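Remember, it's a predicted structure, so these values are computed and weren't measured experimentally.
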Amino acid sequence: MDGSRRTALITGITGQDGGHLASLLHEKGYRVFGLIRGQHNPRRDDVERDLPFVELLEGDVTDPTSLVRAVETSSPDELYNFAAISHVGYSFNHPTLTMEVTGKGVLNVLEAVRLSGRAERTKIYQASTSEMFGGMDYSMPGSGYNEQSQFHPRSPYGVAKLYGHWIAKNYRESYGMFVVCGVLFNHEGERRGTEFVTRKITRAVARIHLGLQDTINLGVLWPKRDWGYAGDYVRGIWMMMQHHEPDDFVLATGEAHSIEDFLATAFAKIGVGDWRPYVTFDPALTRAAEVDNLLGDSSKAEQVLGWRREVGFDDLVTRMVAHDLADQRLRHGISPLTPPVVPADVTAPPVETAPELP
Ligand code: NAP
């Protein structure tokens, strides 16, 4: 093997960011390892098909031995820790598991690197989150949360991530390890899991358009999020890891939109102005504590790293609806020439082909 070729290990390789980052690193010439859990992970086939260059290693962030083995096998220059129970609603129903994976799992990753004797050779990225801020009115600066803002997590997920964030910083300070914490606001895209509200909406909009479903069940529509594109954000993650010193960086777009805005924008892509007949409220989807508004300020990443997001809100929704239309047509054998069912008077859907994944 070429001795100058850099090696990366990604935990959470089956997730959205794992897929985007693996592709980016492969393009940059890295040897890419991915940690996959379970004796029969149903998403293994997807990784083998979509990311054939990734070398899979079995392991689980709740199993320290498996992590030591993965680190020793891959000897990574860069380790990206994406593994998490990452769905806020799910974390309310599974708080103990969330703490084990999303919180203590970070400690297990840090220790695996340290105990493998790679503390000075492996850079680590920890996937921190805007959910650590909690969106309380009193705490959000007008320009949005930045690296100095106060934390007030409002879910088991946010609390577990805050533990991960501080233990990562603690290893940076205590052992001099190169540990970066990226505090990322919501980022979405074609690879987003269908359990997350944005993808749930774009998939449903595509299916309603094609006559495959009638309505979509959602919880409250007023919470606002700062939604960016995952491809832009993994580029920022990589830039953080190339910086000369480990630090914390916020990545955000600086624009917040409500779930209702997202819904209206997605339905507009198929020519539907009034989305209300297609949406039902499901009280089971409300959370014990809501986060009202998350807006981020990524000035530091822009100034220090030169990072810029390229995809805006409208483009993001267009990409996701286009992808889901193409995907649903393919899955159900529906020709692009078949007229849509909703709205009945529109024959040429405004969004036809899925853009290339970056
Ligand atoms: P995601 O799609 O939900 O992926 C989570 C990954 O974690 C999956 O690959 C999952 O594997 C893996 N995982 C779960 N439990 C595990 C365990 N015990 N051991 C090993 N792997 C495990 O999340 P994402 O959107 O790519 O986000 C990547 C990271 O960034 C996450 O830590 C997330 O919390 C954080 N983050 C995301 C956002 C966002 O908007 N996307 C914003 C801020 C921070 P399985 O397939 O086996 O379940």
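- In plain terms, the two heavy atoms of Ile201 and Ile216 that are nearest each other are CA-CD1, 3.7 Å.
- In this structure, OG1 in Thr286 is found 10.0 Å from CZ in Phe92, a value given to the nearest 0.5 Å.
- Hydrophobic clustering, with ILVMFWY side chains joined whenever heavy atoms are under 4.5 angstrom apart, groups Ile259 together with Val321.
- Two residues are said to be in side-chain contact when any heavy atoms from C-beta on lie closer than 4.5 Å; Asp292 and Trp222 meet this criterion.
- A donor-acceptor pair is defined here as one N or O able to donate and one able to accept, closer than 3.5 Å; no such pair exists between the side chain of Arg203 and the backbone of Gln328.
- Atom CD1 of residue Ile13 and atom CD of residue Glu55 lie 11.0 Å apart, to the nearest 0.5 angstrom.
- Checked options Val113, Ile124, Leu79; the residue passing with Arg118 is Val113 (criterion: side-chain contact (heavy atoms from CB on, under 4.5 Å)).
- Listed for the Asp77 side chain is a donor-acceptor partner under 3.5 Å among the backbone atoms of Thr7.
- Using a 4.5 Å heavy-atom cutoff, the side chains of Met99 and Lys104 are not in contact.
- The pair Arg319-Glu188 does not meet the salt-bridge criterion, since no charged nitrogen lies less than 4.0 angstrom from a carboxylate oxygen.
- A donor-acceptor contact shorter than 3.5 Å links the side chain of Ser298 to the backbone of Ala252.
- The pair Glu72-Arg69 does not meet the salt-bridge criterion, since no charged nitrogen lies less than 4.0 angstrom from a carboxylate oxygen.
- Annotation for Gln148: atom CD does not count as buried by contact number, only 12 or fewer foreign heavy atoms lying within 6.0 Å.
- Classification of the Tyr80-Tyr125 ring pair by plane angle, with boundaries at 30° and 60°, yields tilted.
- Partner of Asp324 under the salt bridge (charged side-chain N to carboxylate O under 4.0 Å, His left out) criterion, out of Arg192, Arg331, Arg199, Lys200: Arg199 alone.
- Using a cut-off of 4.0 Å between Lys/Arg side-chain N and Asp/Glu carboxylate O, Asp314 and Lys269 are scored as salt-bridged.
- Checked by atom type and distance alone, the side chain of Asp226 pairs as donor or acceptor with a backbone atom of Gly296 at under 3.5 Å.
- Here CZ of Phe185 is found 9.5 Å from OG1 of Thr253. Values are rounded to the nearest 0.5 Å.
- Contact of the Phe249 side chain with the Leu184 side chain is not registered, since no non-hydrogen atoms from C-beta on lie closer than 4.5 Å.
- Here the side chains of Leu251 and Met240 are in contact, with some heavy-atom distance below 4.5 Å.
- The main-chain N or O of His187 is found under 3.5 Å from a side-chain atom of Gln16 such that the two form a donor-acceptor pair.
- A donor-acceptor pair under 3.5 Å is absent between the side-chain atoms of Thr129 and the main chain of Met132, judged by distance alone.
- Results of the salt bridge (charged side-chain N to carboxylate O under 4.0 Å, His left out) test with Glu131 over Arg225, Arg154, Lys161 single out Arg225 as the only residue that passes.
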Problem set entry | Pair Thr102-Ser86, side-chain contact (heavy atoms from CB on, under 4.5 Å): steps then yes or no | CA-CA 8 Å; Thr102 306; Ser86 73; over 6 Å; no

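- Both Val180 and Val234 belong to a single network of hydrophobic side chains, linked directly or stepwise wherever heavy atoms of I, L, V, M, F, W or Y lie under 4.5 Å apart.
- Proximity of Leu316 to Thr198: side-chain heavy atoms (C-beta onward) are nowhere separated by under 4.5 Å.
- Inter-residue side-chain proximity for Thr14 and Asp46 is flagged as unmet; no heavy-atom pair is nearer than 4.5 Å.
- In plain terms, the two heavy atoms of Val250 and Asn146 that are nearest each other are CG2-C, 3.8 Å.
- Salt-bridge annotation for Glu173 and Lys169: absent, with no side-chain N of the basic residue lying under 4.0 Å from a carboxylate O of the acidic one.
- Once rounded to the nearest 0.5 Å, the distance linking CD of Gln39 with CZ of Arg44 reads 11.5 Å.
- Taking every heavy atom of both residues into account, His244 and Phe178 meet most closely at O-CE1, 4.0 Å.
- Between the side chain of Gln242 and the backbone N or O of Trp238 there is at least one donor-acceptor pair closer than 3.5 Å.
- Between the side chain of Thr98 and the main chain of Tyr157, no donor-acceptor pair closer than 3.5 Å is present.
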For this session: Test Leu24 against Ile237 for side-chain contact (heavy atoms from CB on, under 4.5 Å), laying out the working first.
Result: CA-CA 11 Å; Leu24 181 78; Ile237 288 171; over 6 Å; no

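- Formation of a donor-acceptor pair under 3.5 Å by the Asn170 side chain with backbone atoms of Ile167 is not found in this model.
- Between the side chain of Thr215 and the main chain of Tyr278, no donor-acceptor pair closer than 3.5 Å is present.
- The hydrophobic clustering, which links ILVMFWY residues whose side-chain heavy atoms are closer than 4.5 Å, places Tyr175 and Val109 together.
- Taking the side chain as every heavy atom from C-beta outward, Val205 and Trp275 never approach each other to under 4.5 Å.
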For this session: Given salt bridge (Lys or Arg N to Asp or Glu O under 4.0 Å), test Glu245 with Arg172 step by step and report yes or no.
Result: CA-CA 10 Å; Glu245 59 182 5; Arg172 182 199 299 163; over 6 Å; no

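- We find the OG1-CG distance between Thr11 and Asp60 to be 10.0 Å, quoted to the nearest 0.5 Å.
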For this session: Take Asp50 and Arg191 through the test salt bridge (Lys or Arg N to Asp or Glu O under 4.0 Å) and record every step on the way to the result.
Result: CA-CA 11 Å; Asp50 299 340; Arg191 287 184 162 120; over 6 Å; no

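- In summary, the side chains of Glu255 and His257 do present a donor paired with an acceptor at a separation below 3.5 Å, with no hydrogens or angles considered.
- Side-chain contact between Ser66 and Arg37: absent, with no pair of heavy atoms (C-beta onward) separated by less than 4.5 Å.
- In terms of heavy atoms, Ser116 sits closest to Val71 at OG-CG1, 3.6 Å.
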Problem set entry | Residue pair Ile208, Val272: steps toward the side-chain contact (heavy atoms from CB on, under 4.5 Å) verdict | CA-CA 11 Å; Ile208 289 169; Val272 169; over 6 Å; no

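- Taking the six-membered ring for Trp and thresholds of 30 and 60 degrees, Tyr229 and His20 have ring planes more than 60 degrees apart, a perpendicular arrangement.
- A donor and an acceptor atom, one from each side chain of Tyr90 and Glu195, are nowhere located under 3.5 Å apart.
- By the criterion of side-chain heavy atoms lying less than 4.5 angstrom apart, applied directly or through intervening Ile, Leu, Val, Met, Phe, Trp or Tyr residues, Leu35 is not grouped with Tyr30; the two fall into different hydrophobic clusters.
- Heavy-atom minimum distance, Asp232 versus Val311: OD2-N, 2.8 Å.
- Using cut-offs of 30° and 60° for the angle between ring planes, the Tyr145 and Phe133 rings count as parallel.
- Of all non-hydrogen atoms in His209 and Pro343, the two that sit nearest each other are ND1-CD, 4.2 Å.
- Considering CD1 of Ile10 and CD1 of Ile36, their distance stands at 12.5 Å, rounded to 0.5 Å.
- Note: Trp307 and Tyr233 meet the aromatic proximity criterion, with ring centroids under 6.0 Å apart.
- Atom NZ of Lys224 has 12 or fewer heavy atoms from other residues, nucleotides or ligands within 6.0 Å.
- The neighbour count for Glu58 CD, taken as heavy atoms of other residues, nucleotides or ligands under 6.0 Å away, does not exceed 12.
- Under the 4.5 Å side-chain heavy-atom criterion for ILVMFWY residues, no single connected hydrophobic cluster contains both Leu25 and Leu9.
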